[in-house]
Amino acid sequence: LDDASWRIERIHARIVDIPTIRPHKFSFGAINRQSPVIVQLWLANGACGYGEAATIGGPSWNEESPETILHAIQNYLAPAVAGADARRFAEHVQRFDAVCKGNAFAKSAVEMALIDAVARSLGVPVWQLLGGKRIERLPLAWTLASGDSQRDLEEAEQMMQARRHRLFKLKIGARSPADDVAHVTRIARGLDGRASMTVDVNQAWDGNTARQFLPQLVEAGVTLIEQPVAKWDVQALREVTQSLGGAALIMADETVCSAQDAFMLASQRACHVFSLKVAKHGGLLRTREVAAVAQAAGLGWYGGTMLETSLGSAASAHVFATLSDQHHGCELFGPQLLVDDIVEQPMAVRDFELELPDGPGFGVVVDEKRLDRFDRARQGLTPA
Ligand code: MUC
Ligand code: MG
């Protein structure tokens with residue numbers, strides 16, 4: 001392959017809308033569909049790389065929405081790298097920052113497609129370009145978020161019976177804290193020690209509420225508590241981290257996006273674990289940077305999701321495969337929450353663990369027909 005073969009010829013992006021198998025309820029609202037932005041990037045050698053950025057509930061998880069992601073890619077990020085040598089990933093990430101402040105999700109989708117295109121051209125798995133594989137499989141969590149304790153318990157039973165999940169994340173924060181504690185306690189009783197339980201408050205509580213109710217969640221058997229307070233409230237996050245004294249672990253999600261966020265949280269000892277997500281960090285390379293801060297500080301990591309299809313989930317799996325063994329499992333179950341997928345074969349789940357894929361690229365085969373079928377422009381849908 002000569003230098004000219006690595007030229008970025010064309011970048012195409014679109015929103016696809018795929019319904020969820022049931023409503024998925026968060027502290028900030030419920031979703032009935034996911035709307036990831038899918039990027040295709042062609043090199044002069046004919047290789048096509050794929051990237052994905054998924055948000056949750058339009059701009060309600062953070063500032064980015066499918067529409068702003070698409071806009072940033074089409075108007076700023078794609079023109080910034082068109083015609084360049086695809087192999088220079090780190091330089092392209094710098095260029096993205098020069099033309100576009102923030103917009104980490106949009107950047108992650110283009111970076112993903114760049115890396116996939118180069119890996120496919122070389123015939124290697126993406127993990128090979130990111131430092132090499134260390135981890136073969138990760139315990140796979142499932143989120144119980146139907147909003148109904150009984151339905152959640154039935155779902156958990158099915159998942160345990162199928163040997164898919166025995167690590168359950170409960171979404172709380174929409175109801176009163178006392179109702180949430182009652183819900184978590186009902187599920188804990190039903191699970192009866194056969195599974196681990198975590199909660200994600202998605203920023204819904206203030207410091208006083210967290211100080212009052214977190215001990216009750218721990219008492220009920222919760223072992224990992226994700227983003228109990230607003231993303232800016234590092235002081236409260238730090239206080240609850242230190243007050244729990246190891247009885248349960250506090251995990252930062254919305255608070256830890258950039259490597260600078262990671263450094264600040266680590267230096268203040270404001271959490272025990274980082275939830276790593278390729279989208280919020282702005283790509284695969286930066287996910288490794290945030291993970292490096294966790295490792296240097298002696299913090300754990302967790303393989304987070306923004307409920308991507310099998311494409312974005314496989315991309316995440318490739319970077320997670322290269323990280324340290326100080327992990328608390330992963331939650332790359334997005335494909336199973338959607339009624340359909342955009343790849344031919346999802347990643348394998350065996351004995352409660354996700355098998356981290358090999359290549360070439362992300363090791364998934366995208367089905368263009370399904371991409372077309374779910375394409376928002378073709379379906380004539382509007383924002384959710
Ligand atoms: C989040 O905030 O962690 C991850 C799993 C899930 O059910 O929602 C997401 C978002
Ligand atoms: Mg979260």
Side-chain angles (χ1 to χ4, degrees), residues 18 20-36 52-66 104-105 108 138-147 151-152 155-156 159 164-165 167-174 180 183-184 187 196-205 210 217 222 224-231 233 237 249-257 261 265 271-281 287 290 300-309 312-313 316-317 320 328-338 354 384:
I18 310 179
T20 54
I21 56 172
R22 56 152 167 75
H24 201 61
K25 297 194 174 164
F26 295 83
S27 65
F28 51 80
I31 58 163
N32 292 294
R33 74 185 200 210
Q34 270 300 73
S35 305
E52 168 175 356
T55 52
I56 293 174
S60 53
W61 193 89
N62 72 353
E63 299 85 346
E64 291 185 76
S65 67
F105 283 52
S108 75
L138 284 171
L140 179 62
W142 175 259
T143 298
L144 300 170
S146 73
R151 188 166 172 190
D152 281 358
E155 209 172 274
M159 296 300 186
R164 294 187 67 84
H165 310 277
L167 173 57
F168 296 106
K169 165 160 146 178
L170 278 56
K171 287 285 187 181
I172 61 173
D180 275 338
H183 168 70
V184 171
I187 297 204
S196 308
M197 245 178 21
T198 76
V199 295
D200 189 353
V201 197
N202 281 112
Q203 315 189 61
W205 290 353
L217 292 177
V222 171
L224 185 65
I225 295 153
E226 181 172 341
Q227 199 65 49
V229 294
K231 67 176 183 183
D233 201 350
L237 197 64
L249 300 177
I250 295 287
M251 179 154 76
D253 183 10
E254 287 90 328
T255 299
V256 61
C257 296
D261 296 335
L265 289 167
C271 62
H272 303 103
V273 181
F274 291 162
S275 173
L276 300 178
K277 295 181 179 177
V278 173
K280 68 178 181 175
H281 304 314
T287 300
V290 173
W301 64 272
Y302 174 76
T305 184
M306 289 303 295
L307 307 176
E308 291 90 352
T309 69
S313 302
S316 306
F320 297 158
H328 296 265
C330 78
E331 57 179 21
L332 297 176
F333 65 84
Q336 287 76 41
L337 189 68
L338 304 176
L354 179 72

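Worth knowing before you read on, the calculation uses all heavy atoms, side chains too, and leaves out hydrogens, waters and symmetry mates. In listed order, ligands and their atoms are each counted from 1.
The shell of residues lying under 4.0 angstrom from ligand 1, judged by heavy atoms, excludes Met306.
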(request) Would you please test Leu170 and Met197 for side-chain contact (heavy atoms from CB on, under 4.5 Å) and show each step? (result) CA-CA 7 Å; Leu170 278 56; Met197 245 178 21; 4.1 Å; yes
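Atom numbering of ligand 1 starts at 1 in the shown order; those under 4.0 Å from a heavy atom of Asp253 are 1 (C), 2 (O), 3 (O). Residue Glu226 has at least one heavy-atom neighbour below 4.0 Å for each of these atoms of ligand 1: 3 (O). Interface atoms of ligand 1 facing Thr143, defined by a heavy-atom separation under 4.0 Å, are 5 (C), 6 (C), 7 (O). With ligand atoms numbered from 1 in the order given, ligand 1 contributes 9 (C), 10 (C) to contacts under 4.0 Å with heavy atoms of Ile56. For ligand 1, the atoms sitting less than 4.0 Å from at least one non-hydrogen atom of Asp200 are 1 (C), 2 (O), 3 (O), numbered in the order shown with element in parentheses.
Here the straight-line distance linking atom CG of Asp253 with atom SG of Cys271 works out to 10.5 Å at 0.5 Å rounding. Expressed to the nearest 0.5 Å, how far CD1 of Ile172 lies from NE2 of His183 amounts to 8.0 Å.
Between the side chain of Lys277 and the backbone N or O of Thr305, at least one donor-acceptor pair lies under 3.5 Å. With hydrogens and angles ignored, the 3.5 Å screen pairs no side-chain donor or acceptor of Glu226 with any backbone N or O of Thr198. Although no hydrogens or angles enter the test, the distance criterion places a donor-acceptor pair under 3.5 Å between the side chain of Lys280 and the main chain of Val256.
Seen from the Mg ion (ligand 2), atom OE2 on Glu226 and atom OD2 on Asp253 lie at an angle near 90° (rounded to 10 degrees).
Where the criterion is an N or O separation shorter than 3.5 Å, residue side chain and backbone included, Glu254 fails it with respect to ligand 1. The shortest N or O to N or O distance between Thr305 and ligand 1 is not under 3.5 Å.
The closest approach of Asp200 to the Mg ion (ligand 2), by N/O/S atoms, is made by OD2.
Contacts of Leu337 with ligand 1, taken as heavy-atom pairs under 4.0 Å, are absent altogether. The residue Phe28 has no part lying near ligand 1, judged by heavy-atom distances below 4.0 Å.
Neither side chain, Glu155 nor Ser146, offers a donor N or O lying under 3.5 Å from an acceptor on the other. Thr20 and Gln34 share no donor-acceptor pair across their side chains, judged by distance under 3.5 Å alone.
Protein heavy atom closest to atom 6 (C) of ligand 1, with residue, atom name and distance, is Lys171 CE, 3.5 Å. Nearest to atom 7 (O) of ligand 1 among the protein's heavy atoms is His24 NE2, 2.8 Å. Closest protein heavy atom to atom 1 (C) of ligand 1: Lys277 NZ, 3.1 Å.
In this structure the side chain of Lys231 never reaches within 4.5 angstrom of the side chain of Leu237, judged on heavy atoms.
Between Phe168 and His165, the angle of the ring planes lies from 30° to 60°, which puts this pair in the tilted group.
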